[in-house]
> 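Before I ask anything, let me first share the structure, which is written out below as structure tokens.
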Amino acid sequence: MSYQHIRLPQHGEKVSIKDGKLAVPDHPILGFVEGDGIGADITSASLRVWDAAVARAYGGARKVHWCELYMGEKAAGIYQGDYFPAETLAALKDLVVSIKGPLTTPVGGGFRSLNVSLRQEMDLYACVRPVRYFPGVPSPLRRPEEVDVVIFRENTEDVYAGIEYPSGSEDNQKLARFLREELHAEFFEDAGLGVKPVSSFASKRLIRKAIEYAIERGRASVTLVHKGNIMKFTEGAFRNWGYEVATEEFREHVVTEDELWDEHGGQMPDGKVLIKDRIADIMFQLLLLRPAEFDVIATSNLNGDYLSDAAAAEVGGIGIAPGANIADHIAVFEATHGTAPKYANQNKVNPSSLLFSGVMMLDYIGWREASELINDAFVAALADKTVTYDFARLMPNATTVSTSGFADALVDKINAGG
């Protein structure tokens, strides 16, 4: 495939999909999008750490060949104002596995969220957000070490589908008239209207991926989070479809919460995954009070947005929270925070959200030896209290380092063996 502005590395091979699985060569070409605002700082720092871990883990037998792709403000400068060039979309599909920094999204106007557009254009239906505690990270919880959960958020439907009609518009009036006259709905005049689609197809494939993950990783439970007591035919249906997937497709691997008590006396059978559900509002409380009860969470789009950020706050904040948007095989890993433009080009911020998204990426391609080196180096740096300003202000006697300085510390730890 030829590109206008994207330049594939001279060396390396593309990741491919064979027999329904990723085929990762020893020298894969992986894509990266620098991102806007602080993106340049955190991307350059993270690239150095990822490369150091791969070099240390495999001694040159494996190496990532990076290919820069363009979205956001940098793309607009290259592609005559186009923030989401078609060739970038094509390259993300062609390369299969990529990672991106934060991208600009205006609030209340302007162009639509690039992140949402990317997820929908590529049908990256699962937003995967692991949330775990690292010793030494400042946390508001008494027992933050109990937090170790992976959130699977449905990425394509719900209120994020973008089916909205502004108050006073002709389309709004048509829809309002139909709702009132044909369906006898009651709501205030001049209301902005939106549609919340939740389908069996999208719900089941998301929940299926969550259950598969739990089985493969030896996780104890999958919790379906919903607001089905109020939105019975959208979020309530999400819950019901989840139980259908679990019992019809994974019968030999799972036990539902009802079955646990009715058939097993509350004693979890060995080697099984518990399938349970919780109402969304109580789930926020439970994640604070009893986080150890939750391993994998599968939920709808808006719930997942809120829950993943709330859970991240328990273990150090969104600044160190990784994430990925994944289809059946194609994956785009990402920093989960914003662009923080006031800190752009100051070499100041914590790169850990993007850094750990890269750790997820290394796990995804099966290079866990390298990803564990980064995890170990991060813990060692925290033990030394060598941290960026956001942690330093919460840690007595800390040594404050820059973005690049933190990357230096991690590379030193990796090369020293932790």
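From a predicted model like this one, the values you see are computed outputs, not experimental measurements.
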> Relative to Y58, does K63 satisfy both conditions: NZ or CZ under 6.0 angstrom from the six-membered ring centre, and within 45 degrees of the ring's axis?
no
> Applying side-chain contact (heavy atoms from CB on, under 4.5 Å), run through E87 and I6 and close with a yes or a no.
CA-CA 8 Å; E87 76 169 9; I6 293 170; 3.7 Å; yes
> Check whether more than 12 heavy atoms from other residues, nucleotides or ligands sit under 6.0 Å from atom OH of Y306, and answer yes or no.
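Not buried by this count: 12 neighbours or fewer within 6.0 Å.
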> Ring centres under 6.0 Å, that's the criterion: do H11 and H27 meet it?
no
> To check you understand the geometry: which heavy-atom pair defines the closest contact between I414 and A53, and what is its length?
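Closest approach of I414 to A53: CG2-CA, 3.9 Å.
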> Answer yes or no: is there a donor N or O on one side and an acceptor on the other, between the side chain of T299 and the main chain of V225, under 3.5 Å?
yes
> I want to check something: taking the side chain as every heavy atom from C-beta on, are D295 and V150 in contact at a cut-off of under 4.5 Å?
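Contact flag for D295/V150 side chains = no.
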> Using the ring of each side chain (for Trp, its six-membered ring), is F356 parallel, tilted or perpendicular to F378, with breaks at 30° and 60°?
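F356 and F378: perpendicular rings.
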> Hey, is the main chain of G59 close enough, under 3.5 Å, to the side chain of R62 for a donor-acceptor pair?
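Between the backbone of G59 and the side chain of R62 there is no qualifying donor-acceptor contact (under 3.5 Å).
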> Under the salt bridge (Lys or Arg N to Asp or Glu O under 4.0 Å) criterion, do E259 and R251 qualify, and how do the steps go?
CA-CA 12 Å; E259 292 168 347; R251 181 67 280 180; 2.8 Å; yes
> Can you tell whether the side chains of K196 and D158 come within less than 4.0 Å, N to carboxylate O?
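Yes, this pair counts.
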> Can we say R219 and D148 salt-bridge, meaning some charged N sits less than 4.0 Å from an Asp/Glu carboxylate O?
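Yes, this pair counts.
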> Within the structure provided, determine whether D408 and L410 are in side-chain contact (heavy-atom separation under 4.5 Å).
no
> Are K348 and D41 close enough for a salt bridge, meaning some N to O gap below 4.0 Å?
no
> What's the spacing between L89 CG and E121 CD if we round to 0.5 Å?
6.0 Å
> Does T156 form a side chain to side chain donor-acceptor pair (under 3.5 Å) with E154? I'd like the steps, not just the answer.
CA-CA 6 Å; T156 65; E154 203 289 316; 2.6 Å; yes
> For P102 and G338, which heavy atoms make the closest approach, and how far apart are they?
CB-O, 3.4 Å
> Taking the side chain as everything from C-beta on, heavy atoms only, tell me whether L382 gets closer than 4.5 Å to F391.
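Side chain of L382 against side chain of F391, heavy atoms only: contact under 4.5 Å found.
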> Is the backbone of P166 close enough, under 3.5 Å, to the side chain of S169 for a donor and an acceptor to pair up by distance?
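Confirmed, S169 side chain pairs with P166 backbone.
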> Main chain of T386, side chain of D384: is a donor-acceptor contact present, judged purely on distance under 3.5 Å?
no
> Just checking Q267: does its CD atom have more than 12 heavy atoms from other residues, nucleotides or ligands closer to it than 6.0 angstrom?
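Atom CD in Q267 is not crowded, with 12 or fewer foreign heavy atoms closer than 6.0 Å.
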> Does S200 offer a backbone N or O that forms a donor-acceptor pair with the side chain of S203 under 3.5 Å?
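Checking the backbone N and O of S200 against the side chain of S203, no donor-acceptor pair under 3.5 Å is found.
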> Quick check for you: to the nearest 0.5 Å, what is the distance between T234 atom OG1 and R239 atom CZ?
13.5 Å
> For the residue pair L274 and V222, establish whether any side-chain heavy-atom pair is separated by less than 4.5 Å.
no
> Measure up the F32 and W66 rings against each other and bin them: parallel (under 30°), tilted (30 to 60°), perpendicular (over 60°).
perpendicular
> Can you tell me if T403 uses its side chain to pair, donor with acceptor, with the backbone of V349 under 3.5 Å?
yes
> So, K14 and D94, do they make that salt bridge, N to O below 4.0 Å?
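A salt bridge links K14 with D94.
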> Between the side chain of R56 and the main-chain N/O of N415, is any donor-acceptor distance below 3.5 Å?
yes
> Would I211 and V273 count as a side-chain contact (heavy atoms from CB on, under 4.5 Å) here? Give the steps.
CA-CA 8 Å; I211 296 174; V273 176; 5.6 Å; no
> Given side chains that start at C-beta, do those of N325 and L118 come closer than 4.5 Å, heavy atoms only?
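With C-beta onward as the side chain, the pair stays apart.
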> Examine R208 relative to F250 and say whether NZ or CZ is less than 6.0 Å from the centre of the six-membered ring and inside a 45° cone about the ring axis.
no
> So, are R119 and E334 salt-bridged, with charged N and O less than 4.0 Å apart?
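Salt bridge present between R119 and E334.
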> Quick one: is the NZ or CZ of K276 closer than 6.0 Å to the six-membered ring centre of F294, and within 45° of its axis?
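Pair K276/F294 counts as cation-pi.
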> Where the side chain of S353 meets the backbone of G319, is there a donor-acceptor pair that is under 3.5 Å apart?
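Side chain of S353 to backbone of G319, a donor-acceptor pair under 3.5 Å: no, none is there.
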> For a 4.5 angstrom cut-off between non-hydrogen side-chain atoms, does P130 reach P322?
yes
> Counting C-beta onward and ignoring hydrogens, is there a side-chain heavy-atom pair between V131 and E314 closer than 4.5 Å?
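Not touching, per the 4.5 Å side-chain cut-off.
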> Can we say R205 and E212 salt-bridge, meaning some charged N sits less than 4.0 Å from an Asp/Glu carboxylate O?
no
> Please determine if E235 and K227 form a salt bridge, counting it only when a charged side-chain N lies under 4.0 Å from a carboxylate O.
no
> Check N301, D328, N155 against Y125 for a side chain to side chain donor-acceptor pair (under 3.5 Å) and give me the one that passes.
D328
> Side-chain donor-acceptor pair under 3.5 Å between S199 and E157, yes or no?
yes
> Does either side chain, that of S352 or that of N350, offer a donor lying less than 3.5 Å from an acceptor on the other one?
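Side-chain D/A pair, S352 to N350: present.
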> Are D390 and T388 linked by a side-chain donor-acceptor pair shorter than 3.5 Å?
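There is such a pair (donor and acceptor under 3.5 Å, judged by atom type) between the side chains of D390 and T388.
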> If we count only N and O atoms by modelled type, under 3.5 Å, do the side chains of H226 and N303 hold a donor and an acceptor together?
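No, no side-chain donor-acceptor pair sits under 3.5 Å.
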> Measuring from atom CG of L302 to atom CZ of R153, what distance do you get when rounded to the nearest 0.5 angstrom?
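Result: 8.0 Å between the selected atoms.
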> Given the rule in the salt bridge (Lys or Arg N to Asp or Glu O under 4.0 Å) test, do E257 and R278 qualify, once you have shown the distances and angles that lead to the verdict?
CA-CA 11 Å; E257 196 165 34; R278 296 292 182 269; 2.9 Å; yes
> Quick one, C67 and L69 - any side-chain contact, counting heavy atoms below 4.5 Å?
yes
> Within the distance-only criterion (no hydrogens, no angle test), does the side chain of Y3 pair as donor or acceptor with the backbone N or O of T88 below 3.5 angstrom?
no
> What orientation do Y79 and Y70 show, parallel under 30°, tilted 30 to 60°, or perpendicular over 60°?
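Tilted, since the angle between the ring planes falls between 30° and 60°.
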> Nearest 0.5 Å, please: how far is CD1 in I99 from OH in Y364?
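Output value for this atom pair is 13.5 Å.
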> Salt bridge or not between D36 and K74? Use side-chain N to carboxylate O under 4.0 Å.
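Here D36 does not pair with K74 in a salt bridge, since their nearest N and O are not under 4.0 Å apart.
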> Starting at CG of L103, measure out to CD of E34 and round the result to the nearest 0.5 Å.
10.5 Å
> Check whether any side-chain N or O of H329 sits under 3.5 Å from a backbone N or O of G20 as a donor-acceptor pair, and report yes or no.
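Pair found, side chain donor or acceptor close to backbone of G20.
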> Using a 6.0 Å distance limit plus a 45 degree cone around the ring axis, check whether R132 lies over the aromatic ring of F134.
yes
> So L95 and L30, side-chain contact (heavy atoms from CB on, under 4.5 Å) or not? Walk me through it.
CA-CA 6 Å; L95 297 180; L30 303 183; over 6 Å; no
> Is the closest side-chain donor-acceptor distance between E73 and T104 under 3.5 Å?
yes
